[in-house]
Peer 1: 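Have a look at this one.
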Amino acid sequence: MKKIVRKQQILIKIKNITKSFGDLQVLKGINLEIPSGKLYSIVGPSGAGKTTLLQIIGTLSKPDSGELEINEKRISGMNQKKLAMFRNQEIGFIFQFHHLLPEFTALENVCIPAFIAGTSKKTAEEKARELLDYLGLSGRLDHKPSELSGGERQRVAAARALINDPSVVLADEPSGNLDTKNKEELHDLFFDLRDRFHQTFVIVTHDENFARQSDKIIRMKDGLIEE
């Protein structure tokens with residue numbers, strides 16, 4: 001897998017982000033800076049606002065107020081078309097339940113974001129094969145999700161998140177549905193990608209052991225970051 005050289009910089013800037021759902025204020029003024037090439041863990045009790053914050057960083061949800069900047073681009077000024085393009089090219093996602101399309105093979109699932117970005121079929125498949133080989137799945141390219149183990153499905157999801165060389169990968173409890181062995185292997189993969197390819201990760205997790213190994217722990221409680 002080709003090494004992506006990224007200049008060390010503040011990749012994500014969050015300024016006074018608030019978010020409410022009806023009368024419930026979920027985020028109460030979040031300020032945060034995340035540098036490139038680091039792995040940040042977001043931890044806290046249920047209802048603290050962790051997933052809401054991750055969705056806002058991922059441009060899947062809009063804040064009520066405040067500013068979000070990713071890779072020196074202000075998100076608030078983008079229309080829906082530009083936002084979708086930005087999300088496809090700059091952000092990778094890994095979810096707890098992988099969200100692979102059941103009718104497609106591992107190779108086809110990984111290629112989807114590249115196809116959306118306009119990458120040719122030949123180039124996308126070459127990159128997908130390279131990623132899947134790097135993740136130890138070279139013998140599972142033609143298998144559909146139902147034919148893969150839980151750990152294999154999450155590695156396919158990781159490859160899909162990486163296919164467009166995103167600035168940041170966001171993960172919401174990515175190991176929450178895995179057994180201990182597969183959980184540890186997935187965590188090791190994240191650190192390996194950080195160290196070898198300077199990949200930035202922001203990961204919501206309940207796994208304190210994993211969080212302690214990250215570059216920084218962001219602890220949230222009642223819609224605020226605890227100092």
Side-chain angles (χ1 to χ4, degrees), residues 1-4 6 39 51 54-55 57-61 70-71 80-179 181-194 196-205:
M1 196 168 101
K2 184 179 178 182
K3 186 169 183 176
I4 305 299
R6 306 182 200 274
L39 191 156
T51 294
L54 198 74
Q55 289 173 342
I57 297 172
T59 74
L60 298 172
S61 178
I70 301 176
N71 205 13
Q80 287 300 315
K81 184 176 180 180
K82 286 184 178 179
L83 193 60
M85 186 181 301
F86 177 85
R87 187 186 304 124
N88 172 253
Q89 295 174 350
E90 297 283 349
I91 304 172
F93 296 94
I94 305 174
F95 304 98
Q96 181 175 351
F97 295 102
H98 61 74
H99 293 313
L100 300 177
L101 297 178
E103 66 270 28
F104 293 129
T105 65
L107 182 69
E108 290 167 339
N109 266 286
V110 174
C111 285
I112 290 171
F115 291 153
I116 293 171
T119 305
S120 70
K121 187 173 187 290
K122 180 182 177 183
T123 301
E125 289 187 348
E126 284 178 354
K127 180 67 180 291
R129 289 176 188 276
E130 184 182 8
L131 283 165
L132 289 166
D133 180 59
Y134 173 75
L135 298 177
L137 293 170
S138 57
R140 312 292 276 170
L141 304 183
D142 298 323
H143 289 66
K144 293 183 177 179
S146 61
E147 302 170 309
L148 302 172
S149 70
E152 288 171 335
R153 287 194 289 267
Q154 277 300 57
R155 278 183 279 160
V156 172
R160 179 183 59 189
L162 295 165
I163 188 74
N164 287 339
D165 297 322
S167 295
V168 60
V169 173
L170 306 178
D172 192 359
E173 296 288 356
S175 60
N177 202 39
L178 300 178
D179 60 29
K181 179 176 181 293
N182 282 305
K183 179 186 296 187
E184 291 176 354
E185 288 180 353
L186 185 66
H187 292 167
D188 288 344
L189 170 63
F190 292 152
F191 291 119
D192 187 51
L193 289 165
R194 178 201 61 185
R196 294 180 62 183
F197 303 105
H198 206 59
Q199 181 64 59
T200 308
F201 289 91
V202 181
I203 301 176
V204 167
T205 182

Peer 1: Looking at every heavy atom in both H143 and L148, which two are closest together, and how far apart are they?
Peer 2: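 Answer, listing the atom of H143 first, then L148: CB-CD2, 3.7 Å.
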Peer 1: So, do D192 and D188 sit near enough that their side-chain heavy atoms are less than 4.5 Å apart?
Peer 2: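 No, too far: nothing below the 4.5 Å cut-off.
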Peer 1: Going from CG on L100 to OG on S146, what distance comes out if it is rounded to the nearest 0.5 angstrom?
Peer 2: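 Between L100 CG and S146 OG, I get 10.5 Å after rounding to 0.5 Å.
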Peer 1: Quick check: closest heavy atoms across T119 and A124, and the distance to 0.1 Å?
Peer 2: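 So the two residues come closest at CG2-N, 3.7 Å.
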Peer 1: Determine whether a donor-acceptor pair (N or O, by modelled atom type, separation under 3.5 Å) exists between the side chain of R194 and the backbone of L39.
Peer 2: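 Not at all, since once roles are kept as given, no pair shorter than 3.5 Å links the two residues.
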Peer 1: Would a 4.5 Å heavy-atom cut-off, applied to side chains only, mark D172 and F93 as touching?
Peer 2: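 No; the side chains remain at least 4.5 Å from each other.
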Peer 1: Given side chains that start at C-beta, do those of D133 and R129 come closer than 4.5 Å, heavy atoms only?
Peer 2: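 No; the side chains remain at least 4.5 Å from each other.
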Peer 1: I203 versus F190: any side-chain heavy-atom pair under 4.5 Å?
Peer 2: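 I203 reaches F190 side chain to side chain.
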Peer 1: Does any N or O in the side chain of N164 come within less than 3.5 Å of the main-chain N or O of N88, such that one atom is a donor and the other an acceptor?
Peer 2: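 Yes, because the side chain of N164 sits within donor-acceptor range (under 3.5 Å) of the backbone of N88.
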Peer 1: Run the side-chain contact (heavy atoms from CB on, under 4.5 Å) test on I70 and I91 for me, step by step, so that the C-alpha distance in whole Å, both residues' side-chain angles and the decisive distance to 0.1 Å come before the verdict.
Peer 2: CA-CA 9 Å; I70 301 176; I91 304 172; 4.2 Å; yes
Peer 1: Taking all non-hydrogen atoms of both residues into account, name the closest pair between L189 and A158 and its distance.
Peer 2: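 Nearest heavy atoms, L189 then A158: CD2-CB, 4.2 Å.
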Peer 1: Among E90, Q199, Q89, which residue meets the side chain to side chain donor-acceptor pair (under 3.5 Å) test with S167?
Peer 2: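 Looking at E90, Q199, Q89, the match for S167 under the side chain to side chain donor-acceptor pair (under 3.5 Å) is E90.
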Peer 1: Hey, what do you get for CG (L101) to CD1 (I112), rounding to the nearest 0.5 Å?
Peer 2: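 If we round to the nearest 0.5 Å, L101:CG and I112:CD1 are 4.5 Å apart.
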Peer 1: side-chain contact (heavy atoms from CB on, under 4.5 Å) for Q55 and L170? Distances and angles first, verdict last.
Peer 2: CA-CA 9 Å; Q55 289 173 342; L170 306 178; over 6 Å; no
Peer 1: Hey, are T105 and D142 close enough side-chain-wise for a donor-acceptor pair under 3.5 Å?
Peer 2: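 Side-chain D/A pair, D142 to T105: absent.
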Peer 1: May I ask you to decide if V168's main-chain N or O and T200's side chain share a donor-acceptor pair within less than 3.5 Å?
Peer 2: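 A pair under 3.5 Å: no.
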Peer 1: Do NZ/NE/NH1/NH2 and the carboxylate oxygens of E152 and R140 come within less than 4.0 Å?
Peer 2: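 Yes, charged N to carboxylate O under 4.0 Å.
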Peer 1: Distance check, rounded to the nearest 0.5 Å: E108 atom CD versus E125 atom CD?
Peer 2: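 The CD atom of E125 is 8.0 Å from CD of E108, to the nearest 0.5 Å.
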Peer 1: Are C111 and I163 side-chain neighbours, meaning at least one heavy-atom pair lies under 4.5 Å?
Peer 2: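 No - every pair of side-chain heavy atoms lies 4.5 Å or more apart.
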Peer 1: Quick one: does E147's side chain have a donor or acceptor within less than 3.5 Å of a partner on K144's backbone?
Peer 2: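 Pair found, side chain donor or acceptor close to backbone of K144.
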Peer 1: Nearest 0.5 Å please: distance from the NE2 atom of H198 over to the CG atom of L193.
Peer 2: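 CG of L193 is found 13.0 Å from NE2 of H198.
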Peer 1: Identify the heavy atoms of P145 and N109 that sit nearest to each other, and give their distance.
Peer 2: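 Minimum heavy-atom contact is CG-ND2, 4.1 Å.
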Peer 1: Is any side-chain heavy atom of V169 less than 4.5 Å from a side-chain heavy atom of L162?
Peer 2: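 Yes. Closest side-chain heavy atoms under 4.5 Å.
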Peer 1: Does any non-hydrogen side-chain atom of D179 lie less than 4.5 Å from one of K183?
Peer 2: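 Counting from C-beta outward, K183 and D179 never come under 4.5 Å.
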Peer 1: Enter the distance from N182:CG to Q154:CD here, rounded to the nearest 0.5 Å.
Peer 2: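 Nearest 0.5 Å value for the CG-CD distance: 9.5 Å.
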Peer 1: To the nearest 0.5 Å, how far apart are CD1 in I94 and CZ in F201?
Peer 2: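 One finds 6.0 Å between CD1 of I94 and CZ of F201.
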Peer 1: When you compare the side chain of E130 with that of K127, does any pair of heavy atoms fall below 4.5 Å?
Peer 2: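 Side chain of K127 against side chain of E130, heavy atoms only: contact under 4.5 Å found.
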